[in-house]
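For reference, the structure discussed in these notes is given below.
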Amino acid sequence: MTGEVKEIALSKQDLREVTAFAAACAELVLEVFEADQPDDSRPREAIGAAWEFVRGGERGKALRDRAWAALKAAQSADTTAAREAARAAMSAAGAAYLHPLAKATQVKHILGAGAHAARAVELVTDDDRSVGAAHIEQTLHRATPAVVAVLKRFPAAPGGGGRVGELTRMLDTGLRSLVFAE
């Protein structure tokens with residue numbers, strides 16, 4: 001049947017691995033947001049909620065609410081770099097909601113925090129694309145074999161999305177090419 005979307009097997013442990021990767025990516029640029037909005041704790045709380053899920057918490061309303069709050073924080077930030085850092089935090093909390101659908105758009109749940117973080121560091125350095133590329137290289141080294149295994153169950157990242165989309169595809173291609181020793 002055409003148009004049918006295949007389901008992908010995802011365990012709760014798979015979701016925890018992906019969320020840990022996303023939270024680690026977002027933490028790296030949290031200070032970018034906090035320098036812009038020192039009294040706004042929403043992105044920090046979103047990352048904290050992601051880590052709580054990683055440590056055994058449930059995917060519930062509180063986690064989802066923290067992700068939405070980080071997105072609202074992004075909308076209220078004064079700089080584009082701070083907005084991207086808050087989006088990284090939103091993506092970290094949202095990673096727990098990776099759906100088991102074989103759709104390229106789901107890859108954003110896995111890689112969104114890393115791509116938004118890379119964009120934030122580019123913007124902090126006057127849009128220096130080489131800094132973003134270097135950040136992506138560092139992000140590749142943070143991925144565990146479990147994260148790469150989950151990513152490889154999904155189609156490649158979709159086109160579009162501006163510079164964050166480009167960074168997502170760079171991260172996707174890089175992670176899919178990793179080979180881990182057994």
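- Annotation: Lys72, atom NZ; neighbour count of heavy atoms from other residues, nucleotides and ligands within 6.0 Å does not exceed 12.
- Counting all heavy atoms, side chain and backbone alike, Ala20 lies closest to Val54 at N-CG2, 3.4 Å.
- Residues Ile110 and Phe53 are members of one and the same hydrophobic cluster, defined by side-chain heavy-atom contacts under 4.5 angstrom among Ile, Leu, Val, Met, Phe, Trp and Tyr.
- The CZ atom of Arg66 sits 15.0 Å away from atom CG of Leu71, with the distance rounded to the nearest 0.5 Å.
- Between the side chain of Thr168 and the backbone N or O of Ala115 there is no donor-acceptor pair closer than 3.5 Å.
- Under a hydrophobic clustering in which Ile, Leu, Val, Met, Phe, Trp and Tyr are joined whenever their side-chain heavy atoms come within less than 4.5 Å, directly or via other members, Phe180 and Leu151 fall into the same cluster.
- Listed for the Asp172 side chain is no donor-acceptor partner under 3.5 Å among the backbone atoms of Ala156.
- Trp51 places none of its side-chain heavy atoms less than 4.5 Å from the side chain of Thr19.
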- Message: Please evaluate residues Arg119 and Asp127 with respect to the criterion side-chain contact (heavy atoms from CB on, under 4.5 Å), reporting the C-alpha separation (whole Å), side-chain torsions for both, the decisive distance (0.1 Å), and the verdict.
- Response: CA-CA 8 Å; Arg119 184 63 181 140; Asp127 205 10; 2.5 Å; yes
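- Cluster membership for Val121 and Leu140, using ILVMFWY side-chain heavy atoms within less than 4.5 angstrom, is not shared.
- A heavy-atom distance below 4.5 Å is not found between the side chains of Arg64 and Lys61.
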- Query: Are Thr79 and Leu123 close enough, and set up right, to give a side-chain contact (heavy atoms from CB on, under 4.5 Å), and what steps lead you there?
  - Reply: CA-CA 9 Å; Thr79 67; Leu123 291 165; over 6 Å; no
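- Within 6.0 Å of atom CD in Glu34, more than 12 heavy atoms from other residues, nucleotides or ligands are found, so the atom counts as buried in its surroundings.
- Between Arg176 and Val107, the shortest heavy-atom distance links the atoms NH2-CG2, 4.1 Å.
- Summarising the geometry of Ala35 relative to Pro38, their closest heavy-atom pair is O-CD, 4.1 Å, with the distance given to 0.1 Å.
- Partner of Ser41 under the side chain to side chain donor-acceptor pair (under 3.5 Å) criterion, out of Arg44, Gln37, Glu45: Glu45 alone.
- Contact detail for Ala95 and Val18: the closest heavy-atom pair is CB-CG1, 4.1 Å.
- Taking 4.0 Å as the cut-off between side-chain N and carboxylate O, Arg55 and Glu52 do not count as a salt-bridged pair.
- Criterion: ILVMFWY side-chain heavy atoms under 4.5 Å apart, direct or through other members. Under it, Val147 and Leu178 are part of a common hydrophobic cluster.
- For the pair Leu175/Leu111, a side-chain contact is recorded, criterion being any heavy-atom separation below 4.5 Å from C-beta on.
- Taking the side chain as every heavy atom from C-beta outward, Leu28 and Cys25 never approach each other to under 4.5 Å.
- Contact between Leu15 and Arg59 at its shortest, heavy atoms only, is CD1-NH1, 3.6 Å.
- Val150 is not listed as a side-chain neighbour of Ile8, based on a closest heavy-atom distance of 4.5 Å or more.
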Under 3.5 Å, which donor-acceptor pairs do the side chains of residues 80-94 form with other protein atoms, sequence neighbours left out?
unit_1, atom_1, unit_2, atom_2, d
Thr80, OG1, Arg83, NH2, 3.0
Arg83, NH1, Ala77, O, 2.9
Glu84, OE1, His116, ND1, 2.5
Glu84, OE2, Arg87, NH1, 3.2
Ser91, OG, Arg87, O, 3.0

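- Within 6.0 Å of the CD atom in Gln138, the count of heavy atoms belonging to other residues, nucleotides or ligands exceeds 12.
- There is no path of hydrophobic side-chain contacts, each under 4.5 Å, that joins Val29 to Phe33.
- Judged by distance alone, with hydrogens and angles left aside, the side-chain atoms of Arg153 form a donor-acceptor pair with the main-chain N or O of Ala9 at under 3.5 Å.
- For Thr139 and Arg142, the side-chain atoms include at least one donor-acceptor pair closer than 3.5 Å.
- Looking only at distances, a side-chain donor or acceptor of Thr125 sits under 3.5 Å from a matching main-chain atom of Glu122.
- Using a 4.5 Å heavy-atom cutoff, the side chains of Pro155 and Gln106 are not in contact.
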- Message: Between Phe21 and Val148, does the side-chain contact (heavy atoms from CB on, under 4.5 Å) criterion hold? Intermediate values first, please.
- Response: CA-CA 10 Å; Phe21 173 69; Val148 174; over 6 Å; no
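- Nearest heavy-atom pair across Gly114 and Ile136 is O-CD1, 4.4 Å.
- The closest side-chain heavy-atom distance from Phe154 to Leu10 is below 4.5 Å.
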- Given Glu58 and Lys12, is the salt bridge (Lys or Arg N to Asp or Glu O under 4.0 Å) satisfied, shown in steps? CA-CA 9 Å; Glu58 292 302 316; Lys12 194 169 270 189; 2.7 Å; yes
